[in-house]
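Residue numbers run from 1 in the order of the sequence given.
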Amino acid sequence: MRTDLMRLDVRLRRRGLVGYTVGMGAYAVLVVALYPTFKGDTGLDAITSGNSSLSALLGVSGPLTSPDGWMNANIYANFLPLVVLLMTIGYGASAVAGQDEDGVLGLTAALPLGRVSLAVQKILGLVVIATPVAAVTMLAAVAGRRSDIYLATGPLVAATAAVIGLGIVFGLLALVVGALSSSRTTALGVTSAVAALSYVLSALAPVVHWVHAVRWLSPFYWALGGEPLTRGIGAAATWTLVLCIGGLATACVWAVDRMDVR
């Protein structure tokens, strides 16, 4: 299978990809390096121990000064998913709808290349875009074992894969909305709104009864709501993310195939 379009898309976004990866890696190293200073600070634990709402918003279910609590509160429950989503949603909105608005997609579609192949290469490009930031953050966490941050390898890998999967889910949603609307702005707006709602549902599920009842609607809940740095990712969450990715990828191929390219 040819991957020319995928490599071109990634090459065009290489500066942003490198910038986000280096920046997130530096931030993760800083968080890891600061842990020995705060690990004995009982005052940090007191902040969340009596405030379940704050704990839920920070993504912490245990002590902030534990290795998994520290990494969750500072990276995995909020900042890392945000950076990955910024990249994947941005790519998803630009790769089809954005290129169509710019008149580039029409030239691409005129090449001896099927629409299915075009859509598949866009999806592969999305996977490539979603991976480096989370992978570099995982390497920083592994290096943190020298700073008393010991995270079990299995849950750490699972949490990293969950963040990548979450980014792919929303990136695919942006691709689908962009292909259906032919509007980069619509794709960005709709997907960002759905992602924000998903995060709120997952964050408030432990403390708001009616939100808890509908938590299963949130991809954030399935990816990060089960304390993946501590427990890993369960089979139900894994299959839910896989099915979401498979369903959205299928919808993306269908939407690109029927798209009226300018």
Notebook entry, point to check: Looking only at atom types and distance, does a side-chain atom of Q121 sit under 3.5 Å from a main-chain N or O of M6, one as donor and one as acceptor?
Noted result: yes

Check: What is the distance from atom CG of L217 to atom CH2 of W222, rounded to the nearest 0.5 Å?
Finding: 10.0 Å

Note to self: Can a donor-acceptor pair be found, under 3.5 Å and without considering hydrogens, that links the side chain of W70 to the backbone of V31?
What the structure shows: yes

Next item on the list: First locate atom OG1 of T137, then atom OH of Y76, and finally report the distance between them rounded to the nearest 0.5 Å.
Entry: 6.0 Å

Notebook entry, point to check: Once you round to the nearest 0.5 Å, how far does OG1 of T131 lie from CG of L126?
Noted result: 9.0 Å

Margin query: To the nearest 0.5 Å, what is the distance between CG on L118 and CG on L105?
Written below: 6.0 Å

Check: Between A179 and A255, which heavy-atom pair has the shortest distance, and what is it?
Finding: CB-CB, 3.6 Å

Check: Can you tell if the side chain of T21 reaches within under 4.5 Å of the side chain of M24, non-hydrogen atoms only?
Finding: no

Notebook entry, point to check: Got V120 and L124 here, is their nearest side-chain heavy-atom distance under 4.5 Å?
Noted result: yes

Check: Are L80 and L30 connected, step by step, through hydrophobic side chains (Ile, Leu, Val, Met, Phe, Trp, Tyr) whose heavy atoms are closer than 4.5 Å?
Finding: yes

Next item on the list: List the atom of N74, the atom of Y27, and the distance in Å for their closest heavy-atom pair.
Entry: O-OH, 2.8 Å

Item checked: Check against side-chain contact (heavy atoms from CB on, under 4.5 Å), V32 and M71 -> CA-CA 8 Å; V32 166; M71 294 297 284; 4.2 Å; yes

For residues 81-93, which side-chain N or O atoms pair as donor and acceptor with protein atoms under 3.5 Å away, sequence neighbours left out?
| from | atom 1 | to | atom 2 | distance (Å) |
| --- | --- | --- | --- | --- |
| T88 | OG1 | V84 | O | 3.1 |
| T88 | OG1 | G167 | O | 3.0 |
| Y91 | OH | D9 | OD2 | 3.0 |
| Y91 | OH | K122 | O | 3.2 |

Check: Which pair of heavy atoms, one from L17 and one from V10, lies closest together, and at what distance?
Finding: CD2-CG1, 4.4 Å

Anything under 3.5 Å between a donor and an acceptor, one on a side chain of residues 190-197, the other on a protein residue two or more places apart or in another chain? List them.
| from | atom 1 | to | atom 2 | distance (Å) |
| --- | --- | --- | --- | --- |
| T191 | OG1 | A187 | O | 2.7 |
| S192 | OG | L188 | O | 2.7 |

Checklist line | Heavy-atom pair with the smallest gap, counting every atom of S182 and A97 | finding: C-CB, 4.0 Å

Check: Judged by atom type as modelled, is there a donor-acceptor pair below 3.5 Å linking the side chain of S198 to the main-chain atoms of F220?
Finding: yes

Check: Distance-only, no hydrogens or angles: does the D100 side chain make a donor-acceptor pair with backbone N or O of S183 under 3.5 Å?
Finding: no

Notebook entry, point to check: Linking I/L/V/M/F/W/Y whenever their side-chain heavy atoms sit closer than 4.5 Å, directly or via other members, would V214 and V208 fall into one cluster?
Noted result: yes

Notebook entry, point to check: Out of curiosity, M259 CE to D257 CG, how far, rounded to the nearest 0.5 Å?
Noted result: 12.0 Å

Next item on the list: Let me know which of I123, L243, V169 forms a side chain to side chain contact (heavy atoms under 4.5 Å, CB included) with L248.
Entry: V169

Note to self: Restricting to non-hydrogen atoms, name the atom on A223 and the atom on I233 that form the minimum distance, rounded to 0.1 Å.
What the structure shows: O-CD1, 3.3 Å

Item checked: side-chain contact (heavy atoms from CB on, under 4.5 Å) between I168 and I164, intermediate numbers included -> CA-CA 6 Å; I168 293 172; I164 294 172; 3.9 Å; yes

Margin query: Grouping I, L, V, M, F, W and Y whenever their side-chain heavy atoms are under 4.5 Å apart, do V96 and V116 come out in a common cluster?
Written below: yes

Check: In terms of hydrophobic clustering (I, L, V, M, F, W, Y; side-chain heavy atoms under 4.5 Å; direct or indirect links), are M138 and V29 co-clustered?
Finding: no

Check: Of all heavy-atom pairs between R13 and S94, which one has the smallest distance, and what is that distance?
Finding: NH1-CB, 3.8 Å

Item checked: From OG (S117) to CG (D4), nearest 0.5 Å -> 9.0 Å

Next item on the list: Check the hydrophobic clustering (I, L, V, M, F, W, Y; side-chain heavy atoms under 4.5 Å; chains of links allowed) and say if V22 and V136 are grouped together.
Entry: no

Margin query: Quick check against the 3.5 Å criterion: does R115 have a side-chain atom that pairs as donor or acceptor with the backbone of V256?
Written below: yes

Notebook entry, point to check: Are L201 and Y221 close enough, and set up right, to give a side-chain contact (heavy atoms from CB on, under 4.5 Å), and what steps lead you there?
Noted result: CA-CA 8 Å; L201 288 177; Y221 167 75; over 6 Å; no

Notebook entry, point to check: In the hydrophobic cluster built from side-chain contacts under 4.5 Å, what are the other members alongside L8?
Noted result: L12

